Number of protein chains: 2
Amino acid sequence: MATIRDVAKLAGVSVATISRYLNKSGYVNVETEQKIKKAIEALNYEPNAVARGLAGKKTNTIALILPDISNPFFPELARAVEDVASMYGYTVILCNSDDEGVKEKSYIEVLKKKYIDGIIFASNTLDSADVEQMTKKGIPVVCLDRVPPKQSCSVVRSKNREGAKLAVEHLLSMGCRKIAHIYGPQEFITAKERLAGYEESVKHLDWYSPTFMIQGDFRIEGGIRATELLMERHPDVDAIFAGNDLMAVGALKALHRMGVQVPGQVAVCGFDGIGMTEITQPELTTVAQPIYEMGALVSRILIKKIEGTLEADQTYELDVALVPRESTLRRNGHESS
Amino acid sequence: MATIRDVAKLAGVSVATISRYLNKSGYVNVETEQKIKKAIEALNYEPNAVARGLAGKKTNTIALILPDISNPFFPELARAVEDVASMYGYTVILCNSDDEGVKEKSYIEVLKKKYIDGIIFASNTLDSADVEQMTKKGIPVVCLDRVPPKQSCSVVRSKNREGAKLAVEHLLSMGCRKIAHIYGPQEFITAKERLAGYEESVKHLDWYSPTFMIQGDFRIEGGIRATELLMERHPDVDAIFAGNDLMAVGALKALHRMGVQVPGQVAVCGFDGIGMTEITQPELTTVAQPIYEMGALVSRILIKKIEGTLEADQTYELDVALVPRESTLRRNGHESS
DNA sequence: CTGAAAGCGCTAACAT
DNA sequence: ATGTTAGCGCTTTCAG
């Protein structure tokens with residue numbers, strides 16, 4: 001592997017000039033430029049990224065910290081992040097935190113030592129102190145969903161409350177009259193907001209009762225159990241709005257086992273818009289978040305921040321969209337009532 | 001951030017000693033060891049990974065090159081790789097190649113410049129020349145599925161041919177008599193082997209005909225189209241063995257649309273064992289690969305290779321297992337005939 | 001057992 | 001416009 005020195009020698013100039021040429025920093029004569037170009041080609045020179053990193057404290061590497069890449073929500077997000085990153089010449093380090101603060105901290109330590117340029121957090125454990133500390137240490141951070149106070153970093157999220165309302169409205173418009181909600185763990189801001197949106201939309205309805213809200217765990221199993229509990233408690237519900245798609249899938253499974261028709265007896269609506277919703281039977285109505293776009297946006301913001309072209313930290317709230325499918329399709333619906 | 005110099009000064013020894021202590025290379029007196037420990041703690045010293053990388057050409061970073069993290073087969077694999085890597089103190093860079101040689105090559109270039117310690121390929125485009133070149137340049141490589149000739153690198157794969165046979169046997173034992181196969185793109189060695197296994201198992205049966213083998217694309221869409229074509233051509237098939245789970249899901253969808261009962265009229269069996277197979281209706285019988293283990297093994301091997309403790313390159317063929325579920329459950333089956 | 005010193009390959013003043 | 005040079009923070013001979 002040729003070094004910058006070799007190139008300098010062959011081109012008959014100093015290493016500084018080569019460096020300037022490489023980084024387009026400072027002037028360099030057109031003629032010498034040509035000489036340099038030739039030398040580089042002749043030697044098949046490729047600048048060494050590690051040396052650059054050490055000298056310039058910039059590694060063109062970002063990290064993506066998420067709870068678990070095998071949770072179906074994240075692969076698409078990761079794909080988007082990596083796509084954008086590689087488009088801008090950055091490389092992505094993948095970290096699974098399992099939402100455990102300890103793991104997160106330990107990743108952060110490692111990443112700092114590696115002169116990572118920035119971090120994307122798609123995690124819930126992170127507290128604002130951590131974020132501020134990172135920012136203070138000069139490591140740009142961008143978050144997904146989690147909003148640390150004092151706006152110490154940019155945030156990308158989607159309209160959870162509005163999404164929940166969309167779901168309820170849709171179910172009502174399909175003729176449902178007793179709509180239950182399986183909510184996710186309340187440590188998750190998303191779960192909280194969706195629950196709030198649900199409550200807001202239904203609390204003025206005559207059938208409303210807190211017993212229609214059941215806790216789930218954002219996973220299939222939890223959706224199953226919550227549904228069982230719910231159907232026992234309220235055999236008369238005619239719709240379930242689950243706080244995420246995984247729990248909605250669980251609801252589908254549970255209802256099927258009980259012999260309850262979907263959507264005939266009970267309509268089911270999820271939240272997130274992961275691919276799974278298209279392969280269930282019946283296909284699942286869901287409030288889709290623009291997952292890929294969220295990933296793309298979050299990494300574009302991080303890169304801007306790294307390169308110093310970000311005006312100011314901001315919170316971006318992306319629109320969600322109701323995707324109506326079979327699981328909520330009821331004949332007695334009156335969409336245009 | 002304290003540097004090794006600061007520690008040396010505070011401990012009253014030279015940087016060389018600190019380095020030896022840090023890397024457990026060379027002797028260091030127990031007493032000085034204590035002094036060093038204290039100094040490190042006092043300064044909260046953390047060795048700089050980039051500097052280490054430059055000086056020692058070892059970055060404790062590996063890369064995982066796969067076709068697409070959003071393809072449901074890969075997240076679990078990636079999770080396993082990252083789990084093992086982080087357990088051994090390595091960090092993982094994620095690369096999506098889309099099975100395009102150009103992208104792969106360009107990743108390799110970048111990774112080389114970053115002094116990556118090794119690469120895991122879960123890709124099909126890579127030709128053996130590339131692998132050998134990498135190996136020659138001193139970058140350890142381990143492959144998934146793809147076996148480059150001359151055994152220039154270790155390979156982890158699973159028993160595709162045997163798996164296909166398991167599938168056919170299972171279908172036969174469930175009473176199926178006309179078993180079709182939707183095979184994947186023949187550039188994929190896995191698709192080829194599964195097809196071969198299928199053919200071997202059925203070619204001696206009286207109903208056998210090449211028209212029972214239909215090409216798919218390893219995705220849901222292709223599974224749907226292939227199934228439509230198949231059912232038109234052979235309305236009398238009573239089982240479909242798909243070359244992977246995604247196509248099996250497609251088959252399920254297509255059959256459902258046509259009003260064909262599964263497993264009543266047609267049984268369906270997939271291959272891979274991805275999570276999706278548990279949420280279809282009916283749940284999908286599949287030949288499960290030990291995906292997580294494959295990822296864990298492949299990364300353990302790579303790390304061994306990096307650390308020079310790997311005896312010799314080898315090909316590891318992991319067992320697959322038939323996971324019987326509803327989609328092949330036929331009353332007229334005689335499991336124990 | 002420990003220290004001095006020469007890099008690793010590049011960047012960024014500072015000087016010319 | 002270009003060259004000189006001092007680092008970046010650590011590893012690793014080679015002496016002692």
Side-chain angles (χ1 to χ4, degrees), chain A residues 1-37 39-40 43-61 89 109-117 138 307, chain B residues 1-37 39-40 43-61 89 109-117 138 307:
Chain A
M1 273 265 133
T3 76
I4 198 172
R5 273 205 157 74
D6 303 325
V7 179
K9 199 169 294 173
L10 189 73
V13 297
S14 77
V15 293
T17 308
I18 309 290
S19 176
R20 275 192 288 265
Y21 166 81
L22 254 25
N23 304 296
K24 301 180 190 334
S25 61
Y27 303 86
V28 40
N29 189 324
V30 237
E31 289 175 26
T32 41
E33 198 172 310
Q34 292 312 316
K35 284 193 283 183
I36 294 176
K37 251 185 200 151
I40 287 180
L43 293 167
N44 212 287
Y45 169 74
E46 297 273 8
N48 178 314
V50 181
R52 271 188 159 167
L54 182 57
K57 306 206 175 321
K58 172 96 178 6
T59 54
N60 274 34
T61 306
E109 280 316 302
V110 175
L111 297 172
K112 272 200 290 199
K113 292 190 220 170
K114 294 206 176 191
Y115 282 167
I116 228 73
D117 294 333
E307 305 191 336
Chain B
M1 274 266 133
T3 76
I4 199 173
R5 273 205 156 74
D6 303 326
V7 179
K9 199 169 293 171
L10 189 72
V13 297
S14 77
V15 293
T17 307
I18 309 291
S19 176
R20 275 191 288 266
Y21 166 80
L22 253 26
N23 303 295
K24 300 179 192 331
S25 60
Y27 304 85
V28 39
N29 189 325
V30 236
E31 289 175 25
T32 40
E33 198 173 311
Q34 293 312 317
K35 283 194 283 184
I36 294 176
K37 250 184 202 155
I40 288 179
L43 294 168
N44 214 287
Y45 168 73
E46 297 273 7
N48 177 315
V50 181
R52 272 188 157 167
L54 181 57
K57 305 205 175 323
K58 172 98 181 1
T59 54
N60 274 38
T61 306
E109 281 315 303
V110 175
L111 298 171
K112 273 201 290 199
K113 292 190 222 172
K114 294 204 175 191
Y115 281 167
I116 227 75
D117 295 332
E307 306 190 337

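Everything quoted here is computed from the prediction, not taken from an experiment. Residue numbers begin at 1 in each chain, while the letters A, B, ... track the order of the sequences.
No side-chain heavy atom of A:T32 sits less than 4.5 Å from a side-chain heavy atom of A:R20. Counting heavy atoms from C-beta outward, B:Y45 and B:L10 have side chains that stay 4.5 Å or more apart.
Atom CD in B:Q34 sits roughly 16 Å away from atom C1' in C:dC1 (whole-Å rounding). The distance from atom OH of A:Y27 to atom C1' of C:dA12 is 16 Å, rounded to the nearest whole Å. Note: NZ (B:K112) to C1' (C:dG9) measures 17 Å, nearest angstrom. If you take CG of B:D6 and P of D:dC8, they are 10 Å apart, rounded to a whole angstrom.
No more than 12 heavy-atom neighbours from other residues, nucleotides or ligands sit within 6.0 angstrom of NZ on A:K9.
None of B:T59, B:N48, B:T61 except one satisfies the side-chain hydrogen bond (donor to acceptor under 3.5 Å, both in side chains) rule with A:K114; the exception is B:T61.
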What does the B/S/- profile of nucleotides 9-16 of chain D look like, 5' to 3', with a 4.0 Å heavy-atom cutoff to protein?
BBSB----
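With values rounded to the nearest 0.5 angstrom, A:L43 atom CG is found 12.0 Å from A:I4 atom CD1.
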Does B:N23 form a side-chain contact (heavy atoms from CB on, under 4.5 Å) with B:S19? I'd like the steps, not just the answer.
CA-CA 6 Å; B:N23 303 295; B:S19 176; 3.2 Å; yes
